[in-house]
Amino acid sequence: MDYRQAVGLAKKGKEEGFQFLYENTYKNKYYLALKYLKNEQEAQDVLQEAYIKAFARLDQLEKPEAFPSWLGTIIGNLAKNKLQQKNPLLFSDVAVHTEDESFEYKIEDERTSYQPELAYSRQETQQLVHEMISALSEEQRVCILMYEIEGISIKEIAAALDCSVNTVKSRLSYGRKNLKKKAEELQKKGYRLYGCPALPLLLSLLRREESSLSADGLLEAAQSQAAQPILSHAGTGQVPGANTAAVSQKVLEGGKSVAAGMAKKGLLYTIAGKVTAAVVGVAVAGGVAGAAYYLGTQGDKPVSKPEMEVSSVISVSQVQVSQSPEEPQVLKLADEDYPGLIAGNLTKAEVEYVLSYGPAEISAQGLEQKDYVNALNALCQGPGGSGMGSADQKSLIESYGYDSRYRSVYSVTDINRLFLSFADYQFTEKNHGANEWNIQVEDEKLYFFPSTINFTAETKITAAEYTGEEMILYFTYDCSFYDMGQTKQTHASKKATLHPNAEGKFQIVRIEESEKKSEQETSLSSSVEGQSVDEVYADVLDSIKNKESGYRFTNGLDYTGKIKYFYQDINQDGIKDLIVGAECSQDVFMKMDCKFYSCQKENGGYRLIEIPDSQLVTGLYLPQDGYGLLSLDLARMSGMYECNRISIENNVLNRTHLPAYSFQLGDSDEKNFREENPNVKWIDLV
């Protein structure tokens, strides 16, 4: 399930939809709320209200896949209100007078593009987070976290905080300056900052701290405690008073129920296998504030992990843990967990890029020198190297153009970050100062002559799980290979195995074909009870419109951006088929790159069948005999029309030349053909 599907289910009042939205966002949002407010109870109250409001207003969400950031704007607004209650001057026009509202904010290239590999202890991490967060005013802190961590646009932040766009830009700018000043002060005090710019350093520290808390199971404990009061009001819009006795009792009862459920599922054991029952017991009996969180700030003081002194702790025997501590607990990997667990601090999108353009396979024997060179070549060029990638596909490695010898120049920092996810090897001046492997590294730049790649690839991680010793990523791999003007498309289900490296970060050690079907393939091969053909196709059209993985047009053609569709029972099985075409130009003609989808009735519902391959056509016509479609193409040199019949047989697309329909441009046969076989009626999608 993804956010789009979950929002759809939630709109219909389905519990599983609300559950998915809650479980996949709460930990990250709770951590950020703590940073906004520096108070655990206030953070919990804000999140409870935010979720209930969000669930009640799902019809206002234009892009379901953007639910996390949309929820983030609601949380930011509520956090602002909570801070204003304590200090009415915060976020007001009075505060703006001290800032330059006309400042033109420039997005410097120091954001998340550089995430340092830090070697801090947990105590050092929490201390540095406290120091740097404390350097920001309340207004600056909220703006920076919303913009840099949540990815919310400046315009949306301004709307959420009820201020002007220039005010947000000003607060972001002054916040950066304050962080830079604080970093300089810390360096003078002897802190090791590894030469990192201040903002990327803070972002990396925040992710590191959040990851540590999540690994210890503390964020899960908070999530479990809050689940019942939030989900019980899902979609109602009724926000219970956070301090009433009735709600307190509801939280307590719900927390106990969830805690017991956690125990039965083995969730008391984290990646290290040791989240104690005491932590869950404290979370249930005393609220999150009593769960011994060591978040780096409590009030205005940095704190270390305190000793637990709570009499109402639920013991292991009380919650009846059914799994022995020695057995590693398999955990699901959430999107926000990737930077804290993957070597190089890679996000999920960056890992998918590595799986697309890094080594296609890694065997038990590991990688050889040629594999490093090939991976470097493909990762640097990415989809742009073939000239065939779709507009929204871009290389994650910064390019600096060419030097005087016409060598391509790339950021060695970007390269090494991606390489860390699958190899210990790093490109340095020591290794490549003498042009080793025809590759040279100098002044943080890498110079070499890349080969043009003749493929584009797209990967989607469909499932991810891990223990303390191993992580498994299941993913789909779609590749378009170009050779002599021909395009060959392949689809595969793969599995990547990752093991912890010396620093404890997960690194890819094996890539192989997988027998486990991807989430997308499973949905294509299983029926949806009660879902009509129209509903199945509506989901497909939404996926195409939203450019989801597996639904994009990536054949390397000159697409105009227009996408159209129509329905026709091509194989005459009584169930209409869906044909979607992306408009493109080729050989001075406007053509349609067409994908075909079919449905088959099964178990009271319909299962979607994606027909392999696509067809490039100039015009499509409905044949007089009703079977298939007719494609009419004009040969420029001869002026002759050639007609092909496109049909679907056994879920395979066939294209057969029909010589009887060949005729000269402008003759009576052409006129008769068009009268007998009408054009298809396309419907605009994009």
Side-chain angles (χ1 to χ4, degrees), residues 2-4 65 332-335 337-339 341-363 367 371 374-386 388-397 414-415 417-423 453-466 471-482 487-498 506-524 543-544 546-556 610 612:
D2 56 25
Y3 285 112
R4 181 182 59 80
E65 65 276 9
K332 298 296 182 183
L333 184 64
D335 291 0
D337 294 336
Y338 281 81
L341 295 175
I342 304 295
N345 302 104
L346 270 60
T347 63
K348 180 181 180 180
E350 290 171 332
V351 173
E352 289 177 331
Y353 185 84
V354 168
L355 294 173
S356 296
Y357 293 99
E361 292 183 1
I362 300 180
S363 67
L367 298 172
D371 298 316
N374 290 338
L376 172 68
N377 189 76
L379 287 169
C380 283
Q381 294 201 64
S386 63
M388 300 292 185
S390 60
D392 55 345
Q393 286 184 304
K394 296 179 181 178
S395 172
L396 296 181
I397 297 175
D414 290 347
I415 292 169
R417 276 193 65 237
L418 297 182
F419 258 70
L420 276 174
S421 64
F422 63 89
I453 60 175
N454 62 343
F455 72 95
T456 60
E458 188 171 13
T459 289
K460 180 180 180 181
I461 296 175
T462 57
E465 55 192 29
Y466 67 102
M471 178 184 292
I472 302 293
L473 304 178
Y474 295 97
F475 62 97
T476 58
Y477 178 80
D478 293 282
C479 181
S480 295
F481 180 81
Y482 311 99
T487 301
K488 180 181 180 181
Q489 295 179 314
T490 61
H491 173 85
S493 294
K494 292 190 173 186
K495 179 178 76 171
T497 303
L498 296 83
F506 284 96
Q507 209 169 41
I508 302 171
V509 296
R510 191 174 180 86
I511 298 176
E512 57 193 326
E513 296 287 328
S514 171
E515 295 181 359
K516 178 176 179 178
K517 289 188 175 182
S518 71
E519 182 179 317
Q520 180 183 335
E521 289 173 318
T522 302
S523 68
L524 294 181
S543 298
I544 293 173
N546 295 327
K547 297 182 179 180
E548 293 182 12
S549 177
Y551 292 93
R552 300 173 185 169
F553 288 87
T554 56
N555 282 343
E610 182 177 5

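Keep in mind that what you see is a predicted model, and the values were worked out from it rather than measured.
Side-chain contact between E352 and K460: present, with at least one pair of heavy atoms (C-beta onward) separated by less than 4.5 Å. When side chains are defined from C-beta on, I342 counts as touching M471, because their heavy atoms get closer than 4.5 Å. The closest side-chain heavy-atom distance from L346 to Y338 is not below 4.5 Å. Between P339 and E350, the closest side-chain pair of non-hydrogen atoms is not below 4.5 Å. No side-chain heavy atom of P359 sits under 4.5 Å from any side-chain heavy atom of D371. Counting only heavy atoms from C-beta outward, the side chains of F455 and Y357 approach each other to under 4.5 Å.
Smallest separation of non-hydrogen atoms from A378 and Y353: O-OH, 4.4 Å. The minimum heavy-atom distance between R417 and N345, with the atom names listed, is NH2-O, 3.3 Å. Of all heavy-atom pairs spanning L418 and S421, the tightest one is O-OG, 2.6 Å. Between K332 and D337, the closest heavy-atom pair is O-OD2, 4.3 Å.
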* Output, in order, the C-alpha distance, side-chain angles, deciding distance and verdict of side chain to side chain contact (heavy atoms under 4.5 Å, CB included) for D414 and L379. => CA-CA 10 Å; D414 290 347; L379 287 169; over 6 Å; no
* To do: Any chance you could lay out the side chain to side chain contact (heavy atoms under 4.5 Å, CB included) test for L355 and I508, step after step, and finish with the verdict?
  => CA-CA 10 Å; L355 294 173; I508 302 171; 3.9 Å; yes
* To do: Quick one: do V351 and F475 satisfy side chain to side chain contact (heavy atoms under 4.5 Å, CB included)? Show the steps, please.
  => CA-CA 11 Å; V351 173; F475 62 97; over 6 Å; no
* E548/D2 under side chain to side chain contact (heavy atoms under 4.5 Å, CB included): CA gap, chis, key distance, verdict -> CA-CA 11 Å; E548 293 182 12; D2 56 25; 4.0 Å; yes
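The CD atom of E458 sits 8.0 Å away from atom OG1 of T476, with the distance rounded to the nearest 0.5 Å. Taking CG from N374 and CD1 from I453, the interatomic distance works out to 11.0 Å, rounded to the nearest 0.5 Å. In this structure, CZ in R510 is found 8.0 Å from NZ in K495, a value given to the nearest 0.5 Å. Here the OH atom belonging to Y477 is positioned 9.5 Å from the CD1 atom belonging to I511, to the nearest 0.5 angstrom. Here the CG-OG1 distance, from L396 to T347, works out to 7.5 Å after rounding to the nearest 0.5 Å. Within the model, atoms CG of L473 and OG1 of T459 stand 11.0 Å from one another, a figure rounded to the nearest 0.5 Å.
Using a distance-only test at 3.5 Å, with no hydrogens or angles considered, a donor-acceptor pair links the side chain of T462 to the main chain of Y474. A donor-acceptor pair under 3.5 Å is formed between the side chain of R552 and the backbone N or O of K547. A donor-acceptor pair is defined here as one N or O able to donate and one able to accept, closer than 3.5 Å; such a pair exists between the side chain of Q507 and the backbone of A423.
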